[in-house]
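Below is one structure; the comments refer to it alone.
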Amino acid sequence: MLQYDFEASVGYWMAMGHHAFMRSLQQALAPHGITFRQAQVLGCLAAEGPMTQREIADMLLVEPPNLVGVIDRMEEAGLVQRRPCEDDARKKLIHPLPTAKKQWRRIADCGRAVREQAVAGLSRRDQDELHRLLSAVRENLEAPALVR
C-alpha cells in the first residue's frame with residue numbers, strides 16, 4: 001500500500017481547497033449552460049486578451065489537443081473566433097466575440113457567489129490573513145529554487 005502523510009502536506013490542503021472551489025463553480029455554472037472549461041477559456045481571454053490555443057492550454061495546465069473541442073464548441077456558439085496572428089501566420093489567436101460578454105457576466109456572477117461561499121464564516125481579518133499566506137506560498141513556489 002502506498003503511504004503518505006497527506007494531512008501534513010500544504011500541497012494537499014491547497015489542492016483539496018482548489019478542487020472544492022472548482023467543483024462549486026462548475027455546479028453554479030451548469031444551470032446557465034456554461035461549462036467549467038468554457039469559463040476558464042473566457043477567464044484567460046479576460047485576463048490576457050487574445051491568445052493562442054497553446055498559451056491558453058499552458059495557463060490551464062492542459063495539453064493543447066484537449067482544448068480543441070472546447071474552443072470548437074465555443075466558436076460554434078459564437079463566443080470566440082480563431083483569427084490569424086499578425087506576427088506569425090501559422091498561429092491562430094483566440095478572440096472573444098461580443099456575445100461572450102453576456103456569458104462572462106454570468107461567469108463572474110457565479111464566481112463571486114462561490115467566492116462568498118468559500119469565505120463564509122471567516123472574518124475580514126481572517127480573509128486578509130488567508131490572502132497573505134496563500135500569496136506567500138505562491139511567491140515561494142514561483143521563486144527560483146535554491147536546492148532541488
Side-chain angles (χ1 to χ4, degrees), residues 4-88 91-145:
Y4 185 77
D5 187 7
F6 289 102
E7 289 302 317
S9 169
V10 69
Y12 178 78
W13 304 335
M14 290 175 58
M16 292 300 99
H18 173 75
H19 287 280
F21 192 95
M22 295 303 121
R23 205 171 12 261
S24 293
L25 182 56
Q26 187 170 338
Q27 291 169 353
L29 293 169
H32 302 288
I34 304 167
T35 69
F36 179 66
R37 279 287 183 234
Q38 289 173 338
Q40 286 184 304
V41 169
L42 291 179
C44 289
L45 298 175
E48 301 293 329
M51 303 171 70
T52 66
Q53 182 177 308
R54 172 165 288 290
E55 291 168 332
I56 294 170
D58 287 347
M59 282 187 77
L60 301 181
L61 301 175
V62 299
E63 294 297 320
N66 293 339
L67 212 49
V68 172
V70 173
I71 293 174
D72 286 348
R73 286 185 295 281
M74 291 177 76
E75 200 167 30
E76 289 168 12
L79 297 173
V80 299
Q81 182 180 53
R82 291 175 171 100
R83 297 181 194 158
C85 177
E86 292 179 12
D87 299 335
D88 186 345
K91 293 181 183 179
K92 300 271 189 206
L93 291 178
I94 311 302
H95 288 259
L97 294 174
T99 54
K101 285 184 182 180
K102 182 178 179 184
Q103 290 291 60
W104 182 245
R105 281 193 294 273
R106 286 185 179 139
I107 292 165
D109 289 344
C110 289
R112 282 188 281 277
V114 171
R115 185 170 60 201
E116 286 180 29
Q117 178 187 358
V119 297
L122 297 180
S123 69
R124 183 73 235 168
R125 188 175 183 189
D126 288 344
Q127 291 176 47
D128 291 344
E129 181 68 1
L130 178 61
H131 181 261
R132 186 188 69 74
L133 292 169
L134 290 174
S135 294
V137 169
R138 187 188 75 238
E139 288 171 16
N140 289 342
L141 294 172
E142 289 176 347

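Quick note: residue numbers are just sequence positions, from 1.
- Between Arg132 and Glu129 a salt bridge is recorded (basic side-chain N to carboxylate O distance below 4.0 Å).
- For the pair Val137/Leu141, a side-chain contact is recorded, criterion being any heavy-atom separation below 4.5 Å from C-beta on.
- Within the 4.5 Å cutoff, the side chain of Val80 has no heavy atoms near those of the His95 side chain.
- No more than 12 heavy atoms of other residues, nucleotides or ligands shown are found within 6.0 angstrom of CZ on Arg54.
- Ala39 and Trp104 make their closest contact through O-CZ3, 4.0 Å (heavy atoms, listed as atom of the first residue, atom of the second, distance).
- How far CD1 of Ile71 is from CZ of Arg82: 5.5 Å, rounded to the nearest 0.5 Å.
- A distance of 7.0 Å separates CG in Leu45 from CE in Met74, rounded to the nearest 0.5 Å.
- With respect to Arg112 and Asp109, a salt bridge is recorded, a charged nitrogen being found less than 4.0 Å from a carboxylate O.
- You'll find the side chain of Gln40 stays beyond 4.5 Å of the side chain of Val62, heavy atoms only.
- Between the CE atom of Met22 and the CG atom of Leu29 there is a distance of 10.0 Å, given to the nearest 0.5 Å.
- Note that the NE2 atom of His131 and the CD atom of Gln127 stand 11.0 Å from one another [nearest 0.5 Å].
- At least one side-chain heavy atom of Leu93 sits less than 4.5 Å from a side-chain heavy atom of Thr52.
- Contact of the Met14 side chain with the His18 side chain is not registered, since no non-hydrogen atoms from C-beta on lie closer than 4.5 Å.
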- Task: Show your reasoning for whether side chain to side chain contact (heavy atoms under 4.5 Å, CB included) applies to Glu55 and Met59.
- Result: CA-CA 6 Å; Glu55 291 168 332; Met59 282 187 77; 5.9 Å; no
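- The side-chain heavy atoms of Gln117 and Ser24, taken from C-beta on, include a pair separated by under 4.5 Å.
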